[in-house]
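Just so it is clear, the values below take in all heavy atoms, side chains as well, and ignore hydrogens, waters and symmetry mates. Quick note on labels: first sequence line is chain A, next is B, and so on, each numbered from 1.
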Amino acid sequence: MWPEEKITAFRKALLDWYDAEGRSHLPWRENNDPYRIWVSEIMLQQTRVITVIPYFNHFMMLFPSIKALAEADEEILLKAWEGLGYYSRVRNLQKAAQQIMKEYDGVFPNDPAEIIKLKGIGPYTAGAISSMAFNLPEPAVDGNVMRVFSRVFEIGEDIAKPATRKIFELLVRILVDPERPGDFNQAIMDLGTDICAPSNPRPEESPIKEFNAAYQNGTMHLYPFKSKAKRPVPKTMQGIVIQKGDQFLLEQRPQDGLLANFWTFPIIEEDWGKWDKAKKEPIQLNFLVAESSPTNRKGIEQLQKTVRENLRVDADDFQPAVGSFSHVFSHRKWNITVHHVQAAKLTKELPENMKWVSRFDFPEYAFAVPQQKMWEIIRKQNRNFLQSF
DNA sequence: TATACGTGGCG
DNA sequence: TCGCCAAGTAT
(Lines give C-alpha, C1' and ligand atoms only; values in the text may rest on other atoms or scores of the structure.)
Protein backbone atom coordinates (compact mmCIF):
# COMPACT_ATOMS: atom_id res chain seq x y z
CA MET A 1 0.00 0.00 0.00
CA TRP A 2 1.01 3.57 -0.54
CA PRO A 3 2.66 5.67 2.17
CA GLU A 4 0.35 7.92 4.13
CA GLU A 5 1.42 11.07 2.27
CA LYS A 6 0.48 9.53 -1.05
CA ILE A 7 -2.89 8.43 0.27
CA THR A 8 -3.55 11.98 1.49
CA ALA A 9 -2.53 13.42 -1.87
CA PHE A 10 -4.78 10.95 -3.67
CA ARG A 11 -7.78 11.93 -1.56
CA LYS A 12 -7.14 15.61 -2.15
CA ALA A 13 -6.72 15.29 -5.90
CA LEU A 14 -9.90 13.23 -6.14
CA LEU A 15 -12.05 15.45 -3.92
CA ASP A 16 -10.83 18.71 -5.48
CA TRP A 17 -11.87 17.32 -8.84
CA TYR A 18 -15.20 16.12 -7.42
CA ASP A 19 -15.94 19.56 -5.95
CA ALA A 20 -15.32 21.13 -9.33
CA GLU A 21 -16.60 18.50 -11.75
CA GLY A 22 -18.80 16.09 -9.78
CA ARG A 23 -22.48 15.67 -10.60
CA SER A 24 -23.81 17.69 -7.66
CA HIS A 25 -27.09 18.36 -9.45
CA LEU A 26 -28.48 14.82 -9.13
CA PRO A 27 -31.82 14.85 -7.27
CA TRP A 28 -30.69 12.36 -4.62
CA ARG A 29 -27.68 14.52 -3.82
CA GLU A 30 -29.85 17.45 -2.71
CA ASN A 31 -29.40 16.45 0.92
CA ASN A 32 -28.28 13.55 3.11
CA ASP A 33 -31.71 12.09 3.75
CA PRO A 34 -31.05 8.34 4.13
CA TYR A 35 -34.46 7.50 2.61
CA ARG A 36 -33.73 9.38 -0.61
CA ILE A 37 -30.21 7.99 -0.83
CA TRP A 38 -31.48 4.49 -0.17
CA VAL A 39 -34.20 4.63 -2.84
CA SER A 40 -31.77 6.08 -5.36
CA GLU A 41 -29.14 3.42 -4.67
CA ILE A 42 -31.67 0.62 -5.19
CA MET A 43 -32.84 2.18 -8.46
CA LEU A 44 -29.27 2.68 -9.62
CA GLN A 45 -28.35 -0.99 -9.23
CA GLN A 46 -27.40 -2.11 -12.75
CA THR A 47 -29.25 0.92 -14.10
CA ARG A 48 -28.02 4.14 -15.68
CA VAL A 49 -28.33 7.52 -13.99
CA ILE A 50 -30.16 9.02 -16.95
CA THR A 51 -32.79 6.29 -16.76
CA VAL A 52 -33.25 6.59 -13.02
CA ILE A 53 -33.80 10.35 -12.67
CA PRO A 54 -37.46 10.54 -13.79
CA TYR A 55 -38.37 7.33 -11.94
CA PHE A 56 -36.75 8.68 -8.78
CA ASN A 57 -38.62 12.00 -8.85
CA HIS A 58 -41.94 10.29 -9.49
CA PHE A 59 -41.31 7.68 -6.82
CA MET A 60 -40.49 10.26 -4.17
CA MET A 61 -43.68 12.12 -5.01
CA LEU A 62 -45.78 8.96 -4.68
CA PHE A 63 -43.99 7.61 -1.61
CA PRO A 64 -42.43 10.58 0.21
CA SER A 65 -41.51 8.69 3.38
CA ILE A 66 -40.51 5.28 4.66
CA LYS A 67 -43.96 5.00 6.20
CA ALA A 68 -45.70 5.79 2.92
CA LEU A 69 -43.58 3.17 1.18
CA ALA A 70 -44.25 0.57 3.85
CA GLU A 71 -48.01 1.06 3.53
CA ALA A 72 -48.16 1.35 -0.26
CA ASP A 73 -50.43 -0.83 -2.37
CA GLU A 74 -48.28 -3.36 -4.20
CA GLU A 75 -49.96 -2.69 -7.56
CA ILE A 76 -49.20 1.02 -7.27
CA LEU A 77 -45.65 0.21 -6.22
CA LEU A 78 -45.03 -2.05 -9.19
CA LYS A 79 -46.57 0.51 -11.53
CA ALA A 80 -44.06 3.07 -10.25
CA TRP A 81 -41.25 0.66 -11.16
CA GLU A 82 -42.73 -0.29 -14.54
CA GLY A 83 -40.01 -0.42 -17.18
CA LEU A 84 -37.09 -0.16 -14.76
CA GLY A 85 -36.46 -3.89 -14.63
CA TYR A 86 -35.20 -6.16 -11.85
CA TYR A 87 -38.60 -5.89 -10.21
CA SER A 88 -37.68 -7.81 -7.07
CA ARG A 89 -35.84 -4.63 -6.14
CA VAL A 90 -39.06 -2.76 -5.47
CA ARG A 91 -40.65 -5.63 -3.58
CA ASN A 92 -37.58 -5.85 -1.38
CA LEU A 93 -37.61 -2.08 -0.98
CA GLN A 94 -41.07 -2.26 0.53
CA LYS A 95 -40.17 -5.24 2.70
CA ALA A 96 -37.23 -3.27 4.07
CA ALA A 97 -39.45 -0.24 4.68
CA GLN A 98 -41.77 -2.48 6.69
CA GLN A 99 -38.74 -3.86 8.53
CA ILE A 100 -37.68 -0.31 9.43
CA MET A 101 -41.16 0.59 10.65
CA LYS A 102 -41.33 -2.50 12.83
CA GLU A 103 -37.80 -2.96 14.09
CA TYR A 104 -36.40 0.57 14.05
CA ASP A 105 -39.50 2.59 14.89
CA GLY A 106 -39.56 4.06 11.38
CA VAL A 107 -36.07 5.54 11.66
CA PHE A 108 -33.47 4.41 9.16
CA PRO A 109 -30.69 2.62 11.14
CA ASN A 110 -27.28 4.31 11.13
CA ASP A 111 -25.18 1.23 11.83
CA PRO A 112 -23.68 -0.61 8.82
CA ALA A 113 -24.23 -3.94 10.55
CA GLU A 114 -27.94 -3.15 10.85
CA ILE A 115 -28.27 -1.56 7.42
CA ILE A 116 -27.03 -4.65 5.62
CA LYS A 117 -29.70 -6.74 7.34
CA LEU A 118 -32.39 -4.88 5.39
CA LYS A 119 -33.96 -6.73 2.48
CA GLY A 120 -32.38 -5.84 -0.85
CA ILE A 121 -29.36 -4.15 0.71
CA GLY A 122 -26.05 -5.89 0.12
CA PRO A 123 -22.44 -4.88 0.71
CA TYR A 124 -22.36 -2.14 -1.91
CA THR A 125 -25.61 -0.43 -0.95
CA ALA A 126 -24.89 -0.70 2.78
CA GLY A 127 -21.56 1.02 2.21
CA ALA A 128 -23.11 3.67 -0.01
CA ILE A 129 -25.81 4.58 2.51
CA SER A 130 -23.41 4.41 5.47
CA SER A 131 -20.94 6.77 3.84
CA MET A 132 -23.32 9.14 2.05
CA ALA A 133 -26.11 9.47 4.60
CA PHE A 134 -24.20 8.92 7.84
CA ASN A 135 -20.67 10.00 6.95
CA LEU A 136 -19.18 6.68 8.01
CA PRO A 137 -15.85 5.60 6.44
CA GLU A 138 -17.26 2.48 4.74
CA PRO A 139 -16.27 1.17 1.32
CA ALA A 140 -18.98 1.15 -1.36
CA VAL A 141 -17.56 -1.11 -4.04
CA ASP A 142 -19.48 -1.36 -7.29
CA GLY A 143 -18.42 -1.96 -10.86
CA ASN A 144 -17.07 1.57 -11.22
CA VAL A 145 -14.90 1.28 -8.14
CA MET A 146 -13.46 -2.05 -9.28
CA ARG A 147 -12.73 -0.64 -12.73
CA VAL A 148 -11.00 2.48 -11.39
CA PHE A 149 -8.88 0.70 -8.82
CA SER A 150 -8.07 -2.28 -11.01
CA ARG A 151 -6.37 0.29 -13.25
CA VAL A 152 -4.84 2.38 -10.48
CA PHE A 153 -3.24 -0.67 -8.83
CA GLU A 154 -3.05 -2.99 -11.84
CA ILE A 155 -5.23 -5.62 -10.20
CA GLY A 156 -5.96 -8.44 -12.63
CA GLU A 157 -8.48 -10.45 -10.63
CA ASP A 158 -11.69 -11.32 -12.47
CA ILE A 159 -14.19 -8.62 -11.48
CA ALA A 160 -17.05 -10.84 -12.63
CA LYS A 161 -16.39 -13.11 -9.66
CA PRO A 162 -18.14 -12.22 -6.39
CA ALA A 163 -15.05 -12.91 -4.29
CA THR A 164 -13.07 -10.22 -6.09
CA ARG A 165 -15.14 -7.44 -4.54
CA LYS A 166 -13.56 -8.14 -1.16
CA ILE A 167 -10.11 -7.25 -2.44
CA PHE A 168 -11.34 -3.83 -3.42
CA GLU A 169 -13.22 -3.37 -0.15
CA LEU A 170 -9.98 -3.88 1.77
CA LEU A 171 -8.32 -1.32 -0.47
CA VAL A 172 -11.06 1.29 -0.26
CA ARG A 173 -11.36 0.91 3.50
CA ILE A 174 -7.79 2.18 3.71
CA LEU A 175 -8.07 4.83 1.01
CA VAL A 176 -11.46 6.33 1.81
CA ASP A 177 -11.29 9.89 3.11
CA PRO A 178 -12.25 9.75 6.81
CA GLU A 179 -13.60 13.31 6.68
CA ARG A 180 -15.67 12.94 3.52
CA PRO A 181 -16.29 9.22 2.93
CA GLY A 182 -19.54 9.73 1.02
CA ASP A 183 -18.00 12.24 -1.35
CA PHE A 184 -14.98 10.00 -1.79
CA ASN A 185 -17.13 7.05 -2.83
CA GLN A 186 -19.26 9.15 -5.14
CA ALA A 187 -16.21 10.78 -6.66
CA ILE A 188 -14.80 7.39 -7.65
CA MET A 189 -18.11 6.48 -9.25
CA ASP A 190 -18.41 9.79 -11.10
CA LEU A 191 -14.88 9.25 -12.34
CA GLY A 192 -15.72 5.73 -13.45
CA THR A 193 -18.78 6.91 -15.36
CA ASP A 194 -16.96 9.16 -17.76
CA ILE A 195 -13.18 9.63 -17.60
CA CYS A 196 -12.48 6.11 -16.38
CA ALA A 197 -15.23 4.58 -18.50
CA PRO A 198 -15.29 0.92 -19.56
CA SER A 199 -14.66 1.81 -23.19
CA ASN A 200 -12.68 4.74 -24.56
CA PRO A 201 -11.41 5.99 -21.21
CA ARG A 202 -9.52 9.29 -21.18
CA PRO A 203 -6.93 8.74 -18.46
CA GLU A 204 -4.91 11.78 -19.56
CA GLU A 205 -7.83 13.91 -18.31
CA SER A 206 -8.04 12.14 -14.98
CA PRO A 207 -7.35 14.05 -11.76
CA ILE A 208 -5.59 10.96 -10.45
CA LYS A 209 -3.55 10.04 -13.53
CA GLU A 210 -0.29 10.33 -11.53
CA PHE A 211 -1.63 7.59 -9.25
CA ASN A 212 -2.80 5.37 -12.10
CA ALA A 213 -0.23 2.59 -12.44
CA ALA A 214 -1.84 1.10 -15.54
CA TYR A 215 -1.77 4.48 -17.29
CA GLN A 216 1.80 5.17 -16.25
CA ASN A 217 2.88 1.69 -17.39
CA GLY A 218 0.88 1.66 -20.60
CA THR A 219 -1.20 -1.32 -19.48
CA MET A 220 -4.61 0.32 -19.43
CA HIS A 221 -5.98 -2.16 -21.95
CA LEU A 222 -5.41 -5.03 -19.53
CA TYR A 223 -7.68 -3.70 -16.77
CA PRO A 224 -10.14 -4.53 -15.52
CA PHE A 225 -10.16 -8.22 -16.42
CA LYS A 226 -13.69 -9.53 -16.69
CA SER A 227 -14.68 -13.03 -17.78
CA LYS A 228 -17.34 -13.23 -20.46
CA ALA A 229 -20.98 -13.56 -19.57
CA LYS A 230 -22.95 -16.37 -21.14
CA ARG A 231 -25.15 -15.23 -23.96
CA PRO A 232 -28.90 -15.22 -23.44
CA VAL A 233 -30.59 -18.49 -24.30
CA PRO A 234 -33.10 -18.01 -27.13
CA LYS A 235 -36.65 -19.25 -26.58
CA THR A 236 -39.43 -19.42 -29.12
CA MET A 237 -42.65 -18.08 -27.70
CA GLN A 238 -46.20 -17.55 -28.95
CA GLY A 239 -48.01 -14.51 -27.61
CA ILE A 240 -51.76 -15.03 -27.74
CA VAL A 241 -53.92 -11.91 -27.71
CA ILE A 242 -57.52 -12.96 -27.22
CA GLN A 243 -60.15 -10.29 -27.61
CA LYS A 244 -63.86 -10.06 -26.99
CA GLY A 245 -65.04 -6.54 -27.63
CA ASP A 246 -63.11 -4.25 -25.28
CA GLN A 247 -62.01 -7.18 -23.16
CA PHE A 248 -58.67 -8.93 -23.42
CA LEU A 249 -57.55 -12.10 -21.70
CA LEU A 250 -54.63 -11.49 -19.33
CA GLU A 251 -52.65 -14.03 -17.38
CA GLN A 252 -50.77 -13.33 -14.16
CA ARG A 253 -47.30 -14.81 -14.12
CA PRO A 254 -46.14 -16.91 -11.16
CA GLN A 255 -45.04 -15.09 -8.01
CA ASP A 256 -41.47 -16.27 -8.48
CA GLY A 257 -39.10 -16.07 -11.40
CA LEU A 258 -39.00 -13.91 -14.48
CA LEU A 259 -41.42 -10.96 -14.44
CA ALA A 260 -42.99 -12.36 -11.30
CA ASN A 261 -46.65 -11.42 -10.75
CA PHE A 262 -46.88 -9.36 -13.94
CA TRP A 263 -50.03 -9.53 -16.04
CA THR A 264 -49.41 -10.37 -19.69
CA PHE A 265 -51.24 -11.69 -22.68
CA PRO A 266 -50.77 -15.46 -22.46
CA ILE A 267 -47.33 -16.44 -23.66
CA ILE A 268 -46.80 -20.06 -24.65
CA GLU A 269 -43.29 -21.45 -24.86
CA GLU A 270 -42.54 -23.88 -27.62
CA ASP A 271 -41.81 -27.20 -26.00
CA TRP A 272 -40.49 -29.89 -28.30
CA GLY A 273 -40.11 -32.38 -25.50
CA LYS A 274 -43.71 -32.23 -24.39
CA TRP A 275 -45.85 -35.04 -25.68
CA ASP A 276 -49.56 -35.38 -25.89
CA LYS A 277 -49.86 -38.78 -24.25
CA ALA A 278 -53.37 -39.47 -25.50
CA LYS A 279 -52.61 -38.64 -29.11
CA LYS A 280 -49.05 -39.92 -28.92
CA GLU A 281 -47.69 -36.95 -30.77
CA PRO A 282 -45.51 -34.01 -29.80
CA ILE A 283 -47.02 -30.63 -29.16
CA GLN A 284 -45.00 -28.64 -31.62
CA LEU A 285 -46.25 -25.15 -31.91
CA ASN A 286 -43.76 -22.96 -33.56
CA PHE A 287 -42.39 -24.53 -36.68
CA LEU A 288 -45.89 -25.28 -37.75
CA VAL A 289 -47.11 -21.83 -36.88
CA ALA A 290 -44.25 -20.30 -38.79
CA GLU A 291 -45.19 -22.24 -41.88
CA SER A 292 -48.85 -21.49 -41.70
CA SER A 293 -50.52 -19.86 -44.66
CA PRO A 294 -54.05 -19.56 -46.03
CA THR A 295 -53.67 -23.00 -47.58
CA ASN A 296 -51.77 -24.59 -44.70
CA ARG A 297 -53.56 -24.05 -41.43
CA LYS A 298 -52.17 -27.04 -39.55
CA GLY A 299 -49.99 -24.95 -37.26
CA ILE A 300 -52.71 -22.47 -36.51
CA GLU A 301 -55.10 -25.27 -35.74
CA GLN A 302 -52.54 -26.80 -33.39
CA LEU A 303 -52.23 -23.46 -31.64
CA GLN A 304 -56.00 -23.06 -31.46
CA LYS A 305 -56.26 -26.48 -29.87
CA THR A 306 -53.62 -25.59 -27.30
CA VAL A 307 -55.38 -22.33 -26.51
CA ARG A 308 -58.65 -24.18 -26.03
CA GLU A 309 -57.07 -26.76 -23.74
CA ASN A 310 -54.59 -24.65 -21.81
CA LEU A 311 -56.36 -21.32 -21.61
CA ARG A 312 -59.86 -22.80 -21.72
CA VAL A 313 -60.85 -20.27 -24.33
CA ASP A 314 -62.77 -21.26 -27.40
CA ALA A 315 -61.32 -18.92 -29.97
CA ASP A 316 -62.67 -18.85 -33.45
CA ASP A 317 -61.39 -16.84 -36.40
CA PHE A 318 -57.79 -17.84 -35.70
CA GLN A 319 -55.61 -15.73 -37.95
CA PRO A 320 -51.94 -16.19 -38.82
CA ALA A 321 -49.47 -14.17 -36.75
CA VAL A 322 -49.93 -10.41 -36.76
CA GLY A 323 -46.35 -9.60 -35.82
CA SER A 324 -43.21 -10.67 -34.03
CA PHE A 325 -40.36 -9.24 -32.03
CA SER A 326 -37.44 -10.19 -29.83
CA HIS A 327 -36.87 -9.21 -26.26
CA VAL A 328 -33.55 -9.76 -24.54
CA PHE A 329 -33.31 -10.34 -20.82
CA SER A 330 -30.01 -10.70 -19.01
CA HIS A 331 -30.01 -14.48 -19.29
CA ARG A 332 -32.52 -15.35 -21.99
CA LYS A 333 -34.05 -14.07 -25.17
CA TRP A 334 -37.67 -14.37 -26.15
CA ASN A 335 -38.52 -14.52 -29.83
CA ILE A 336 -42.23 -13.86 -29.69
CA THR A 337 -44.73 -14.41 -32.47
CA VAL A 338 -47.94 -12.53 -31.75
CA HIS A 339 -51.40 -13.82 -32.62
CA HIS A 340 -54.62 -11.84 -32.40
CA VAL A 341 -57.82 -13.81 -32.17
CA GLN A 342 -61.44 -13.07 -31.39
CA ALA A 343 -62.94 -15.16 -28.64
CA ALA A 344 -66.18 -16.92 -29.49
CA LYS A 345 -67.47 -16.30 -25.99
CA LEU A 346 -66.27 -15.24 -22.56
CA THR A 347 -65.38 -18.43 -20.79
CA LYS A 348 -66.93 -18.51 -17.35
CA GLU A 349 -64.46 -20.72 -15.57
CA LEU A 350 -61.02 -19.34 -16.09
CA PRO A 351 -57.95 -20.55 -14.25
CA GLU A 352 -57.27 -18.57 -11.05
CA ASN A 353 -54.46 -16.57 -12.62
CA MET A 354 -56.41 -15.39 -15.66
CA LYS A 355 -59.01 -12.73 -16.21
CA TRP A 356 -60.66 -10.54 -18.80
CA VAL A 357 -59.57 -6.93 -18.62
CA SER A 358 -60.93 -3.96 -20.54
CA ARG A 359 -58.27 -2.23 -22.55
CA PHE A 360 -59.47 1.01 -20.97
CA ASP A 361 -58.20 -0.34 -17.65
CA PHE A 362 -54.75 -1.21 -19.01
CA PRO A 363 -53.20 2.05 -17.72
CA GLU A 364 -53.75 0.85 -14.16
CA TYR A 365 -51.66 -2.25 -14.72
CA ALA A 366 -47.91 -2.51 -14.54
CA PHE A 367 -46.87 -4.00 -17.86
CA ALA A 368 -43.38 -5.31 -18.44
CA VAL A 369 -41.78 -4.41 -21.75
CA PRO A 370 -42.63 -7.65 -23.63
CA GLN A 371 -46.29 -7.02 -22.81
CA GLN A 372 -45.98 -3.40 -23.96
CA LYS A 373 -44.46 -4.56 -27.23
CA MET A 374 -47.25 -7.06 -27.82
CA TRP A 375 -49.88 -4.43 -27.12
CA GLU A 376 -48.17 -2.00 -29.48
CA ILE A 377 -48.40 -4.56 -32.29
CA ILE A 378 -52.11 -5.00 -31.66
CA ARG A 379 -52.70 -1.25 -31.52
CA LYS A 380 -50.90 -0.67 -34.79
CA GLN A 381 -52.75 -3.47 -36.44
CA ASN A 382 -56.06 -2.01 -35.36
CA ARG A 383 -55.32 1.64 -36.00
CA ASN A 384 -55.68 0.86 -39.66
CA PHE A 385 -59.38 0.30 -39.40
CA LEU A 386 -60.43 1.13 -35.86
CA GLN A 387 -60.26 4.73 -34.79
CA SER A 388 -60.72 3.89 -31.16
CA PHE A 389 -57.38 2.07 -30.83
C1' DT B 1 -19.89 -20.09 -5.98
C1' DA B 2 -22.75 -19.70 -10.05
C1' DT B 3 -26.95 -18.39 -11.67
C1' DA B 4 -31.36 -15.77 -11.95
C1' DC B 5 -33.04 -11.46 -12.48
C1' DG B 6 -34.77 -6.27 -16.88
C1' DT B 7 -33.93 -2.78 -19.72
C1' DG B 8 -31.95 0.49 -22.98
C1' DG B 9 -27.93 2.44 -25.19
C1' DC B 10 -23.83 2.22 -27.77
C1' DG B 11 -19.91 0.87 -30.97
C1' DT C 1 -27.55 -7.52 -35.70
C1' DC C 2 -24.89 -8.45 -31.70
C1' DG C 3 -22.14 -8.28 -27.64
C1' DC C 4 -21.14 -5.55 -23.91
C1' DC C 5 -22.25 -2.56 -20.42
C1' DA C 6 -24.80 0.21 -15.94
C1' DA C 7 -24.39 2.90 -8.62
C1' DG C 8 -25.90 -5.57 -7.25
C1' DT C 9 -28.64 -8.84 -4.49
C1' DA C 10 -30.78 -13.23 -3.37
C1' DT C 11 -30.32 -17.84 -3.28
Contact class for [X] vs. all strands (heavy atom < 4.0 Å): base, sugar-phosphate, or nothing?
X	answer
R165(A)	nothing
I50(A)	nothing
V52(A)	nothing
V145(A)	nothing
R147(A)	sugar-phosphate
G257(A)	sugar-phosphate
T125(A)	sugar-phosphate

Got a salt bridge between [X] and [Y], using NZ or NE/NH1/NH2 to carboxylate O under 4.0 Å?
X	Y	value
E376(A)	K373(A)	no
D194(A)	R202(A)	yes
D183(A)	R180(A)	yes

Picking from [options], which would you name as closest to the side chain of [X]?
X	options	value
K226(A)	dC5(C), dT9(C), dT7(B)	dC5(C)
P370(A)	dG8(C), dC5(B), dT7(B)	dT7(B)
V369(A)	dC4(C), dG8(B), dG11(B)	dG8(B)
R48(A)	dC5(C), dC2(C), dG6(B)	dC5(C)
K161(A)	dG6(B), dA2(B), dA10(C)	dA2(B)
D142(A)	dT3(B), dC2(C), dG8(C)	dG8(C)
L258(A)	dC2(C), dG6(B), dG11(B)	dG6(B)

| task | Specify the closest pair of heavy atoms between Q45(A) and R89(A), including all atoms of both residues, with the distance to one decimal. | result | O-NH1, 2.9 Å

| message | Could you check whether any side-chain N or O of Q216(A) sits under 3.5 Å from a backbone N or O of K209(A), counting only pairs where one atom can act as donor and the other as acceptor? | response | yes

Tell me: [atom1] of [X] to [atom2] of [N], nearest whole Å?
X	N	atom1	atom2	result
R231(A)	dC5(C)	CZ	C1'	17 Å
K230(A)	dT3(B)	NZ	C1'	7 Å
K119(A)	dA10(C)	NZ	P	6 Å
M146(A)	dG8(C)	CE	P	9 Å
Q371(A)	dT7(B)	CD	P	11 Å
H327(A)	dC2(C)	NE2	P	16 Å
D158(A)	dT1(B)	CG	C1'	12 Å

| query | If the P atom of dG8(B) is compared with that of dT9(C), how far apart are they to the nearest Å? | reply | 22 Å

| field | Earlier contact from the 5' end, DNA chain C, for L26(A) and N92(A) | value | L26(A)

| said: With hydrogens left out and only the distance checked, is there a donor-acceptor pair under 3.5 Å joining T51(A)'s side chain and the base of dG9(B)? | reply: no

| note | Per nearest nucleotide of DNA chain B, the residue lying toward the 5' end, L84(A) or K166(A), is K166(A)

| field | From CZ (F367(A)) to CG (L250(A)), nearest 0.5 Å | value | 5.0 Å

